[in-house]
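See structure below.
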Amino acid sequence: MSTSFLIIMLIGMAVVTIVSRLVPVLLVDRFEPGPKLTLWLEQVPAAVIAAIVVPAMLIHHGVVDVSLDNRALWVGLATIAVAVLTRSFFLTIMAGLGLMIGVSLLF
């Protein structure tokens, strides 16, 4: 490939990247979401975290595992309890990290 082709390709990728990020921002700036959409959007961060964490808790060695051997499941359930009881993001993260480190060191 020639150098000029690579430069054109690089500029094209930069334009596509900028446009793909700029267009939604410009559209959303003119849009006033209703209360239902606002409520729905507020739930997105929790849904994303759940989509990441729940498979990590349930899948152990490639299969769904709800046995006593699955440390991540039990630490995750305890961490969820901390989240429900404290409603504190910081305490939930600290509890989850502390529990996982403690369980890993003990077992």
Side-chain angles (χ1 to χ4, degrees):
M1 284 193 237
S2 69
T3 305
S4 61
F5 176 75
L6 292 175
I7 291 171
I8 291 170
M9 190 167 61
L10 183 64
I11 292 170
M13 290 188 300
V15 168
V16 168
T17 301
I18 291 168
V19 168
S20 69
R21 284 166 172 64
L22 187 61
V23 168
V25 170
L26 294 174
L27 290 176
V28 170
D29 188 42
R30 298 169 194 223
F31 174 70
E32 188 67 35
K36 287 185 180 182
L37 181 59
T38 301
L39 180 63
W40 182 81
L41 289 172
E42 289 173 354
Q43 306 307 314
V44 170
V48 170
I49 290 172
I52 294 169
V53 172
V54 170
M57 286 173 45
L58 293 176
I59 298 174
H60 188 68
H61 297 297
V63 296
V64 175
D65 181 10
V66 291
S67 69
L68 292 174
D69 295 334
N70 186 351
R71 295 182 218 159
L73 174 62
W74 302 111
V75 168
L77 292 174
T79 303
I80 290 169
V82 170
V84 169
L85 293 173
T86 66
R87 302 236 181 243
S88 168
F89 183 74
F90 178 75
L91 289 176
T92 301
I93 297 297
M94 291 298 106
L97 287 171
L99 287 168
M100 188 54 93
I101 290 169
V103 167
S104 295
L105 290 175
L106 291 173
F107 299 102

Hphob cluster co-occupancy, L27 + I18, side-chain heavy atoms under 4.5 angstrom: no

Connected via hydrophobic side-chain network under 4.5 Å: I8 and L6: no

Run the side chain to side chain contact (heavy atoms under 4.5 Å, CB included) test on W74 and L68 for me, step by step, so that the C-alpha distance in whole Å, both residues' side-chain angles and the decisive distance to 0.1 Å come before the verdict. CA-CA 8 Å; W74 302 111; L68 292 174; 4.2 Å; yes

L73 vs L77, test: side chain to side chain contact (heavy atoms under 4.5 Å, CB included). Steps then yes/no. CA-CA 6 Å; L73 174 62; L77 292 174; 4.1 Å; yes

Answer yes or no: is there a side-chain heavy-atom contact under 4.5 Å between T3 and I7? yes

Looking only at heavy atoms, the pair that brings L37 and P33 closest together is CD2-CB, 3.7 Å

Are V84 and I49 connected in the hydrophobic side-chain network, where two residues link if heavy atoms are under 4.5 Å apart? yes

When rounded to the nearest 0.5 Å, the distance separating CE of M9 from OG of S4 is 11.0 Å

Please report the interatomic distance CZ(R71) to CE(M100), rounded to the nearest 0.5 Å. 8.5 Å

Which atom names give the shortest non-hydrogen contact between A56 and A72, and what distance separates them? O-CB, 3.8 Å

Can you sort out the partners of T17 under side-chain hydrogen bond (donor to acceptor under 3.5 Å, both in side chains), two or more places apart, ordered by chain and number? none

Looking only at heavy atoms, the pair that brings V82 and L91 closest together is CG1-O, 4.0 Å

Any side-chain heavy atom of M13 within less than 4.5 Å of one from V16? no

If you look at every heavy atom in P45 and L41, which pair is closest and at what distance? CD-O, 3.7 Å

Quick check on the hydrophobic clustering: are L106 and V75 connected, directly or via other members, by side-chain heavy-atom contacts under 4.5 Å? yes

Mind listing the closest non-hydrogen atom pair of N70 and M57 along with its distance? ND2-O, 2.8 Å

Consider side-chain contact (heavy atoms from CB on, under 4.5 Å). Of D65, V66, V63, which one does L58 pass it with? V66

Evaluate M94 against L99 for side chain to side chain contact (heavy atoms under 4.5 Å, CB included), listing each step before the verdict. CA-CA 8 Å; M94 291 298 106; L99 287 168; over 6 Å; no

